[in-house]
**Q** 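I have a structure here, written as structure tokens, and I will follow up with some questions on it.
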Amino acid sequence: MRQRSNLLIFMILLLPLAESCHRGNNTIEEAILDAFEETDGMPEFQITLNYTYISSVQGVRCCIPTQFILFDDILQFPGFTERIAETLSSESQNPQTTIHIPFRLLGFSAGGFGPPISLNQNDPVEKEIEEELIAQLSKSIDLQFKSNSREEWLKLPKSLRFEVLSFIEVIGSAAFILDQYTKPILENTGIDMETSDSSAYAILSEPWNNRQLTSFRSVDCIGYADLRKLSFASRLVSEQVLKLINALPDTMDQSFTGCFIESNLGRISIFGSKNDTILGNNCLTIDIGGDDKYLGNIASSGISIPVSIVIDKEGDDSYNAVNGFLSLGLLGISILFDLDGDDSYASGNPGMASSLYGTSLIFDVKGDDIYASTSSFSQGSAMVGVAMLMDQEGDDHYYCSSYSQGFGSTLGVGMLVDLKGNDCYGKHPKMEDPLSFVQGAAKGRWAEATDGQSLGGGYGFLFDFEGDDSYHAESFSQGSAYYFGVGALYDQNGRDTYRSISHSQGYAAHFALGNLMEIQGDDSFNQDSDKKAITQIIGGGRDFSAGLFLDYSGNDSYVFGNRSAGIGDFNGIGIMCDLHGNDGYTWFKNDMNRGSPSMGGVAGSEKGTSIGFRLFKPKSPGSLGLFSDNQGDNNFFKTEE
């Protein structure tokens, strides 16, 4: 079946596409071409939004150059998303590579893919220089063994001791780089060493937490953030994390009681295989085994600790930061690496792989894990920096508040990556407000009607590769974006269930791009959503935006309301394509946007000429709404609600 309603295209350029995204015998481009009788055999075309026009009339700052490419050729978006997914999957064992991906998206690549150049003349891996290196570190960072820790240190395997010393040396180099990175930011905001991390976070996050500013220090300091320095320091640290993990022993001397080392970079704590309670934040924490409890601030960088790393080898661990920060990359680098066990993560503040002028990573390798955050900006959320939560195996539960689970704002790339398992993504039970901007979402700061400090959005991604998953949100989620943001949800395999209410599932509004890609599996969309409220969902674009919903195979079931399933709205592009399978569609004609079309068409302004009070008219204003499903035994229903 194919429906069209007065379809207008922004610009159809007779230019070849750079790359197609192939699935079976069809491509997205072929499906779209098939839906346009007007093309009359046109072999190839390009759908584009005029990024120069929309960014100029908005006066938006801090745009990400790589986004220009997607706006200029929207049909590159699926292939672009897929290439990121392929790289994340193939490099999932290499944190130094995965951390490089979001920095490349921002255009701040440093360190490359090969080993970074050593900053030191001596190679600390040489065993005969252990004592010499300890002496050097004692002078350079005031390294001091506490109590009987010197004796406990010698119980550690030699290979681990040398990698720990190497790591401490690299942290020193990274801290030196980070000091140069943060100095102009701190100087221009009045933040100093006496400022608490909570206060610093509040100051630096002002633009995204306040609709109208009168003090512009927190906006101005964005221009002082040289993310290339952060990128390089992150590359150095992540390279050494992998070496340190590879040096962890299979067994430990049972008499080992722990080793604690102080330095002006923070404490270094090494625990054995017992069940430990670990308090406070260290620059480096290593735990070899046991069911451990982490309390307070955990693996979080801040004013006094530029780099904070936790590596836990095995055990069913509890990371409890209900009253603290958990893997918050604030003005520095935070990495939490848990190799095995059924773990629980709890946070009451922004964190759980969240960054503000920093880098944050959580890598959980094995186990059925629970991630529960009662705060917004968590679980792969970034503003001016990069954040990634990667879980490689297990049936996991992700509970959050808004702006989470793969969210990107200004100069930020936030990613949630889950490789295997039947996973659940949704709202924290204690949360009452609607769950918005989650599960592959992005948002900028639109201040045209307030203080004028409009800021571009970032990239927000959720990648799930295998398993029968469930996704629950209310609005602007599941591959959605707002105001110069780019959001995408990519699910590769499994029988998945989606539930949302509006502005979701491949939706974008106000100069943004959204994309939901379902590759394989019999999937269900919005069966349990509020039928009286559901609207503007499944492939919609409003106001110089484009939203793509792409399902490549499977017998799928769709429920939606008015203005849904491939709708272009007020100079927007909305595309919904289902390439294969026997699918069912139920359109609830409720009171939300009553009279608007669904399943292909345009809304708002039929002629696409509504540009409000803007002084400059677009060259080719118009809307495009496309619904395409011409394969399989499909069923279509309309019902009044």
**Q** Test side-chain contact (heavy atoms from CB on, under 4.5 Å) on L204 and L330; report intermediate values, then the result.
**A** CA-CA 9 Å; L204 293 172; L330 174 64; 4.0 Å; yes

**Q** If you measure from the Lys or Arg side-chain nitrogens to the Asp or Glu carboxylate oxygens, is any gap between E262 and K146 under 4.0 Å?
**A** no

**Q** Do side-chain atoms of S327 reach the backbone of L336 as a donor and acceptor pair under 3.5 angstrom?
**A** no

**Q** So, taking the atom named CD1 in I64 and the one named CZ in F484, what distance separates them when rounded to the nearest 0.5 Å?
**A**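 One finds 12.0 Å between CD1 of I64 and CZ of F484.
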
**Q** Checking T81 side chain against F77 main chain: does a donor-acceptor pair fall under 3.5 Å?
**A**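 Answer holds: yes.
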
**Q** Between the side chains of D220 and R217, is the shortest nitrogen-to-carboxylate-oxygen separation below 4.0 Å, so that they form an ion pair?
**A**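 Judged by the 4.0 Å cut-off on N to carboxylate O distance, R217 and D220 do not form a salt bridge.
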
**Q** Is it the case that the side chain of S231 and the backbone of S109 share a donor-acceptor pair, with hydrogens and angles ignored and the cut-off at 3.5 Å?
**A**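 Judged by distance alone, no pair lies under 3.5 Å.
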
**Q** Do Y399 and Y371 have their ring centres less than 6.0 Å from each other?
**A**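 Not close enough - the centres of the two rings lie 6.0 Å or further apart.
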
**Q** Between S354 and S360, is there a side-chain donor-acceptor contact under 3.5 Å, judged purely by atom types and distance?
**A** no

**Q** If you draw the axis of the six-membered ring of F256, does the NZ or CZ of K155 fall within 45° of it and under 6.0 Å from the ring centre?
**A**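 No, K155 and F256 do not form such a contact.
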
**Q** Kindly indicate whether the side chain of C400, heavy atoms from C-beta on, has any atom under 4.5 Å from the side chain of V438.
**A** yes

**Q** Which heavy atom of V322 sits nearest a heavy atom of N349, and at what distance?
**A**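 Taking V322 first and N349 second, the nearest heavy atoms are O-ND2, 4.1 Å.
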
**Q** Would a distance-only check, ignoring hydrogens and angles, find a side-chain to backbone donor-acceptor pair under 3.5 Å from S149 to E152?
**A**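 Not at all, since once roles are kept as given, no pair shorter than 3.5 Å links the two residues.
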
**Q** Within a strict 4.5 Å, meaning less than it, do heavy atoms of the L389 and F363 side chains meet?
**A**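 Counting from C-beta outward, L389 and F363 never come under 4.5 Å.
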
**Q** Going by side chain to side chain donor-acceptor pair (under 3.5 Å), S404 matches just one of S375, S373, S378. Which one?
**A** S378

**Q** Output, in order, the C-alpha distance, side-chain angles, deciding distance and verdict of side-chain hydrogen bond (donor to acceptor under 3.5 Å, both in side chains) for N515 and Y490.
**A** CA-CA 8 Å; N515 181 20; Y490 175 98; over 6 Å; no

**Q** So, for L411 and L227, which heavy atoms are closest and what is the spacing to 0.1 Å?
**A**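 Closest approach of L411 to L227, heavy atoms only: O-CD1, 4.1 Å.
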
**Q** Answer yes if the side chains of D338 and Y319 hold a donor-acceptor pair under 3.5 Å, and no otherwise.
**A** yes

**Q** So which of R211, R445, Q212 actually passes side chain to side chain donor-acceptor pair (under 3.5 Å) with D451?
**A**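 Going through R211, R445, Q212 one by one, the side chain to side chain donor-acceptor pair (under 3.5 Å) with D451 is satisfied by R445 alone.
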
**Q** Could you tell me whether E169 and K243 have a side-chain N and a carboxylate O separated by less than 4.0 Å?
**A** no

**Q** Could you check whether atom CG of D226 has more than 12 heavy atoms from other residues, nucleotides or ligands sitting under 6.0 Å from it?
**A**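 Yes, the 6.0 Å shell around CG holds more than 12 heavy atoms from other groups.
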
**Q** Give me the atom names and distance for the closest heavy-atom approach of G456 to T410.
**A** O-OG1, 2.9 Å

**Q** Find the distance between CD1 (I245) and CD (E163) and round it off to the nearest 0.5 Å.
**A**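 That separation rounds to 11.5 Å.
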
**Q** Using the six-membered ring of F108, assess whether NZ or CZ of R228 lies under 6.0 Å from its centre and within 45 degrees of the ring axis.
**A** no

**Q** W208 versus L455: any side-chain heavy-atom pair under 4.5 Å?
**A**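 The answer is yes, as the side chains (C-beta and beyond) meet within the 4.5 Å cut-off.
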
**Q** Flag the pair F337 / V365 as yes when at least one side-chain heavy-atom distance between them is below 4.5 Å, and no otherwise.
**A**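 In contact.
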
**Q** Do the side chains of M390 and L419 get nearer than 4.5 Å, heavy atoms only?
**A** yes

**Q** Identify which one of D312, D287, T277 satisfies the side chain to side chain donor-acceptor pair (under 3.5 Å) criterion when paired with Y294.
**A**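 Exactly one pass, corresponding to D312.
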
**Q** When you measure from the side chain of D391 to the backbone N and O of E393, does any donor-acceptor pair fall under 3.5 Å?
**A**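 Here the side-chain-to-backbone pair exists.
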
**Q** To the nearest 0.5 Å, tell me how far L356 CG sits from S205 OG.
**A**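 If we round to the nearest 0.5 Å, L356:CG and S205:OG are 6.0 Å apart.
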
**Q** Taking atom CD of E151 and atom SG of C259, what is their separation to the nearest 0.5 Å?
**A** 9.5 Å

**Q** I'd like to know if the side chain of Q453 pairs up with that of W446 as donor and acceptor (distance under 3.5 Å, no hydrogens or angles considered).
**A** no

**Q** Inspect the contact between K366 and E314 and indicate whether a charged nitrogen and a carboxylate oxygen are less than 4.0 angstrom apart.
**A** no

**Q** S218 and L213: which non-hydrogen atoms are nearest, and at how many Å?
**A** OG-CD1, 4.4 Å

**Q** Please check: side-chain N/O of S300 versus main-chain N/O of L328, any donor-acceptor pairing under 3.5 Å?
**A** yes

**Q** Out of I309, L248, V310, L156, which residue meets the side-chain contact (heavy atoms from CB on, under 4.5 Å) rule with I286?
**A**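 The passing option is L248.
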
**Q** Taking S89 for the side chain and E86 for the main chain, is one N or O donor matched with an acceptor at less than 3.5 Å?
**A**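 Checked: no pair found.
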
**Q** How far apart are the C-alpha atoms of D142 and S263, what are their side-chain angles, what is the distance that settles it, and do they pass the side-chain hydrogen bond (donor to acceptor under 3.5 Å, both in side chains) test?
**A** CA-CA 5 Å; D142 196 22; S263 79; over 6 Å; no

**Q** Between D317 (side chain only) and D292 (backbone N and O only), is there a donor and an acceptor less than 3.5 Å apart?
**A**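 Judged by distance alone, yes, a pair lies under 3.5 Å.
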
**Q** May I ask you to decide if the ring planes of F68 and Y51 are parallel, tilted or perpendicular, using 30° and 60° as cut-offs?
**A**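 Answer is tilted, since the angle falls between 30° and 60°.
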
**Q** About how many Å separate CZ of R235 and CD1 of I99, when rounded to the nearest 0.5 Å?
**A** 9.0 Å

**Q** Under 3.5 Å, is there a donor-acceptor pair between the S477 and S480 side chains?
**A** no

**Q** Any luck finding a side-chain donor-acceptor pair between Y345 and Q379 under 3.5 Å?
**A**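 Absent: no donor and acceptor within the cut-off.
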
**Q** Treating N320 as the side-chain partner and L295 as the backbone partner, does any N or O pair qualify as donor plus acceptor under 3.5 Å?
**A** no

**Q** Are the side chains of S301 and V307 in contact, using a 4.5 Å heavy-atom criterion?
**A** no

**Q** Give the ring-plane orientation class for F407 versus F437, where under 30° counts as parallel, over 60° as perpendicular and anything between as tilted.
**A** perpendicular

**Q** For residues T98 and M388, determine if any side-chain heavy atom of one lies less than 4.5 Å from a side-chain heavy atom of the other.
**A**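 Yes - at least one pair of side-chain heavy atoms lies under 4.5 Å apart.
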
**Q** Would you say that more than 12 heavy atoms from the other residues, nucleotides or ligands in this model lie under 6.0 Å from the CZ of F176, or not?
**A** no

**Q** Nearest 0.5 Å, what's the OG1-CE distance between T374 and M352?
**A** 8.5 Å

**Q** Taking F162's backbone N and O only, do any of them form a donor-acceptor pair with S166's side chain (distance below 3.5 Å, no angle check)?
**A** yes

**Q** For L143, run the side-chain contact (heavy atoms from CB on, under 4.5 Å) check against L265, I261, L133 and tell me which one passes.
**A**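 Single pass found, and it is I261.
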
**Q** Hey, are the side chains of N281 and R267 touching, using non-hydrogen atoms and a 4.5 Å cut-off?
**A** no

**Q** Which heavy atom of P157 sits nearest a heavy atom of P249, and at what distance?
**A** CG-CB, 3.8 Å

**Q** So, do F271 and F260 have ring centers that fall under 6.0 Å from each other?
**A** yes

**Q** Nearest heavy-atom pair of S140 and N264: which atoms, and what distance?
**A** O-ND2, 4.0 Å

**Q** Got more than 12 heavy atoms from elsewhere within 6.0 Å of NZ, K274?
**A** yes

**Q** Any chance you could lay out the side-chain contact (heavy atoms from CB on, under 4.5 Å) test for Y483 and S454, step after step, and finish with the verdict?
**A** CA-CA 9 Å; Y483 203 70; S454 294; 3.3 Å; yes

**Q** How are the rings of F80 and F461 set to each other: parallel, tilted or perpendicular (split at 30° and 60°)?
**A**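 It falls in the tilted class, 30° to 60°.
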
